[in-house]
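Only one structure is covered here, and it is reproduced in the block below.
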Amino acid sequence: MAEKEKAVLAYSGGLDTSVCIKWLQENYNVDVIAVVGEVGQEHDGLEQVKEKALKTGAIACHVVDMREDFANEYLTVALAANSLYENKYPLVSALSRPLISKSLVDIAHEYGAKYIAHGCTGKGNDQVRFETSVRLLDPTITIIAPVREWDLHTRDEEMDWAKEHGIDVPTTKASPYSIDDNLWGRAIECGVLEDPWNEPPADIYTMTVDPQAAPDAPEYVEIDFKQGVPCAIDGKEMPYLDIIYAMNDIAGRNGYGRLDMIENRLVGVKSRECYECPGALALIEAHKALEDLCLERDVLHHKLNFEQMWAIEVYNGKWFSPFKKALDAFMASTQTCLTGSVRLRFYKGSCVVVGRKSEASVYNYELATYDAADSFNHESAKGFIDLYGLQLCTWAANRAALGVSE
Ligand code: ARG
């Protein structure tokens, strides 16, 4: 008997991807290899998830710990780019998808698999991110998106299908929310959040406490950076991965890092999204403060534009694009001297930069001070302003002569 074709599936252990296993077997007559990516999400043990995949019928299940690569190859660049989509969202899910895709492609090669499958819906960004990434990494692989193809329209229909096919269905009441989380934060959508007028219920958050319930005393934290990458907290050196965990903890217990926004998806839909990204947002605040001190003005100003482009590129699933790579090179060139320290103060939902220092600081006390040490040449200011405003004065004089104001 000829061997069956194989499909590598991005598996989470939830209802959707469990149904995917059986559905792929039935509809594509394939053997399914499940891949579970550990990217710092909350879970009750990934070994259990693996067992569930195998019990549901996968011929193999790989649990891949991607956290170090995620921190060192993805979240370093995300921090260098201070990346915030639409000036707010630190790209939590958008950052993990290309990394998971890379692993799916590697495992597909290992097994000689013809297909890669994912459990994303046809309405979101994640399908685009998985598929563009996989296509760029290996265009010969065919992608299957079961959730987009099957006609199970409600959760109940899906549950019934699962029961008929002997899949363990969740016994606890399903969360009304759709959640995706990793080291960089947690995304919460659906349910009552779909009405943008509804205040997010308190129970959607797990990484952050309610700011009102946060400690009544401020908490200070000092972060050291080496070439743009955090390397120590309060003088204690640790790997970036551990720093991210620690900052999630510190910022989270002080109620910092919640976002509630209306976001423009790539597929043309506006959606209401709630996030909690305590560590990511605190690190970005600190990193920006160090850049303010160390980057030359033009570099800093243009970087702000490139940061927006970087965020849009990554949000839209183009992690592996040449334009994104070119932007990475720009970002990297700005980080070479970014070594120094930033002091943050957390207090009941706020995170404020209260100090920054660096050997690469371009802040010059003698130029800045209003005290006796002042070395700024006040006389050259007049000539500078005369020339700086010359063309405007010429224009204004002409318009005055014409008797018009524009
Ligand atoms: N809207 C966010 C994004 O596109 C989060 C998506 C998270 N996915 C989910 N299943 N909740 O990056």
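In what follows, residues are counted from 1 in the order of the sequence shown. Counting starts at 1 for both ligands and their atoms, following the listed order.
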With Asn182, which residues qualify under side-chain contact (heavy atoms from CB on, under 4.5 Å), at least two apart?
-> Val39, Phe70, Val92, Ser96, Trp184
May I have a table of the N/O to N/O pairs between ligand 1 and the protein that fall below 3.5 Å, each row giving the two atom names and the distance to 0.1 Å?
residue  : atom   : partner : partner atom : Å
ligand 1 : 1 (N)  : Glu263  : OE2          : 2.9
ligand 1 : 1 (N)  : Glu273  : OE1          : 3.1
ligand 1 : 1 (N)  : Glu273  : OE2          : 3.2
ligand 1 : 1 (N)  : Tyr275  : OH           : 3.2
ligand 1 : 4 (O)  : Asn125  : ND2          : 2.7
ligand 1 : 4 (O)  : Arg129  : NH1          : 3.2
ligand 1 : 4 (O)  : Arg129  : NH2          : 3.0
ligand 1 : 8 (N)  : Asp126  : OD2          : 3.4
ligand 1 : 8 (N)  : Glu189  : OE2          : 3.4
ligand 1 : 10 (N) : Ser178  : OG           : 3.1
ligand 1 : 11 (N) : Ser178  : O            : 3.4
ligand 1 : 11 (N) : Ser178  : OG           : 3.1
ligand 1 : 11 (N) : Glu189  : OE2          : 2.9
ligand 1 : 12 (O) : Tyr89   : OH           : 2.6
ligand 1 : 12 (O) : Arg129  : NH1          : 2.9
ligand 1 : 12 (O) : Arg129  : NH2          : 3.0

Partners passing side-chain contact (heavy atoms from CB on, under 4.5 Å) against His165 (at least two apart in sequence or in another chain) | Lys22, Glu26, Trp161, Ile167
So, does Glu38 use its side chain to make a donor-acceptor pair with the main chain of Val64 at under 3.5 Å?
-> no
If you draw a 6.0 Å radius around CZ in Arg272, do more than 12 non-hydrogen atoms from other residues or ligands fall strictly inside?
-> yes
The salt bridge (Lys or Arg N to Asp or Glu O under 4.0 Å) partners of Arg186 (sequence neighbours excluded) come to Glu42, Glu276
Around atom NZ of Lys318, are there more than 12 heavy atoms of other residues, nucleotides or ligands at under 6.0 Å?
-> no
